[in-house]
Number of protein chains: 2
Amino acid sequence: MKASPRPYHHGNLREALLEAAARALETGGVGSLTLRELSRELGVSHTSPRRHFADKQALLDALAVRGFERLDAVMARAAKDRGEDFNARLTRLARAYVGFALKHPAWFGLMFEAKHRADAPPVLLDASDGAFAHPPAVFAQGQAAGEVVVGDPARLSLGAMAAVHGLLSISTNGQFKGIPLDRLVAEIIERLVWGLRPRE
Amino acid sequence: MKASPRPYHHGNLREALLEAAARALETGGVGSLTLRELSRELGVSHTSPRRHFADKQALLDALAVRGFERLDAVMARAAKDRGEDFNARLTRLARAYVGFALKHPAWFGLMFEAKHRADAPPVLLDASDGAFAHPPAVFAQGQAAGEVVVGDPARLSLGAMAAVHGLLSISTNGQFKGIPLDRLVAEIIERLVWGLRPRE
DNA sequence: GCAGTATGTTTCCTTTGACAACATTGTTTC
DNA sequence: GAAACAATGTTGTCAAAGGAAACATACTGC
């Protein structure tokens, strides 16, 4: 009678796979992520992931959803009203976004790659929408305070978030031509905020 | 004596591989690109690509360089001075950028993915820098004409290009929430240009 | 306690990238 | 102009990966 060297059922393989996948992603990028390696890591046969994910892409999609959920949480915290002016609040939001991207570059890349696939599952798009729902809220409040020009907040915030996201894509290694992203973000946001001021 | 059913040497395999790879990229995305399939297509043994590219990544990098060169050409044409004002010129440049990205989505994606790899070859970074050298030139001219606030043109143009690029990343299928990118680009550029006006 | 289902395993197949040893063609040098 | 040599392509082989089918074990509801 052995002390259960390894139970037949893992218990929570789906979760464990996602966690291990996230770890692998951070360590060696998406290229180093193989179902077989994950299985080995979890001490499970190499076909067991198939019980939880139809194929590798399904796992990656699930991971992308998780990513957007985490990003959503980060954004929600950063978007909280603390009595600052619009510029400060938007800058904090942008910095949170950039911070997440720089902390989890491979994951961040995966999220948008997954989202751009023609057959991206609806849950993924929903998760993405969720994370991107915070900037418009900040803009709406800015409008209410008379700090921002009138117009659809979603449309206005799109430009700002696009600039921040694009900065990430164009930059390399957290900087652009030697200037750290953090500084560039603040600069760009300030210029944007200036352009968004109501023209009396 | 046979009419050379197939010559032993291909003659220009390196070029042919890059062209076939570009075609495969457009058809089925980067996932459908395999060295063996390329070889089959060109009627060549499955190991011959190794004579020209150390490994698959080297071929992808070369393809990315080609992409930046084409983007450079597109940008150069769009950045040409035609006597318009700054807003019109910047809008044309931005539209050219977006046009390229939407026309070759997989290629475009590959270009930036390759560029973001930690061990990206210098040629790649140079090619990228080349394509991104046009916006600063347009900004500099805008400054000379008194249409743009003073400051480092490279730094100022970065914000604009970041916004355009980010718009591409955030959008899906050439639109965002049903609004076509072309319209959003014009909108965002106009707002940016407004914010960039010299404050007298 | 028993039937049915969920979950994990074994075994096998095909494709892929990479490597080594070899064959053919093109080029340079004397 | 022929012999060495370099460049280019081929054959054969391997290990690793994703995926599929058939089977084994554990859990659940009745």
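In the text below, chain A, chain B and the rest are named by the order of the sequence lines, each starting its count at 1.
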Nucleotide by nucleotide, 5' to 3', does protein get under 4.0 Å of the base (B), only the sugar-phosphate (S), or neither (-) in nucleotides 11-18 of chain D, counting heavy atoms? BBB---BB

Pairing string of DNA chain C (Watson-Crick or G-U wobble, both atom distances under 3.5 Å; | = paired to other strand) is ||||||||||||||||||||||||||||||

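Applying the salt bridge (charged side-chain N to carboxylate O under 4.0 Å, His left out) criterion to E15(A), with sequence neighbours excluded, gives R66(A).
In E190(B), the CD atom is not crowded: 12 or fewer heavy atoms of neighbouring residues, nucleotides or ligands sit closer than 6.0 Å.
For the pair L13(A) and Q57(B), nearest-nucleotide mapping onto DNA chain C gives the more 5' position to L13(A).
Listed by first and then second residue, the side-chain hydrogen bond (donor to acceptor under 3.5 Å, both in side chains) pairs involving residues 122-131 of chain A are K115(A)-S128(A) (not counting sequence neighbours). Pairs of residues two or more places apart, or lying in two chains, that qualify as side-chain hydrogen bond (donor to acceptor under 3.5 Å, both in side chains) and include a residue from residues 93-107 of chain B are E26(B)-H104(B), R95(B)-D182(B), Y97(B)-H165(B). For residues 47-76 of chain A, the pairs satisfying ring-ring contact (aromatic ring centres under 6.0 Å, His included) are F68(A)-F112(A), with sequence neighbours left out.
At whole-Å resolution of the value, CG in L17(B) and P in dT8(D) are 12 Å apart. Atom pair F53(B):CZ and dA7(D):C1' shows a separation of 16 Å (rounding to whole Å applied). Across the protein-nucleic acid pair, R50(A) atom CZ and dA22(D) atom C1' stand 13 Å apart, rounded to whole Å. With rounding to whole Å, N12(B) atom CG is found 17 Å from dA7(D) atom P.
Side-chain atoms of K177(B) do not come within 3.5 Å of backbone N or O of R155(A) as any donor-acceptor pair.
Rounding to the nearest 0.5 angstrom, the gap separating the CD1 atom in I179(B) from the CG atom in L158(A) is 8.0 Å.
Both L18(B) and V65(B) belong to a common hydrophobic cluster when Ile, Leu, Val, Met, Phe, Trp and Tyr are linked at side-chain heavy-atom distances under 4.5 angstrom.
OP1 or OP2 of dG9(D) has at least one side-chain nitrogen or oxygen of H52(B) nearer than 4.0 Å.
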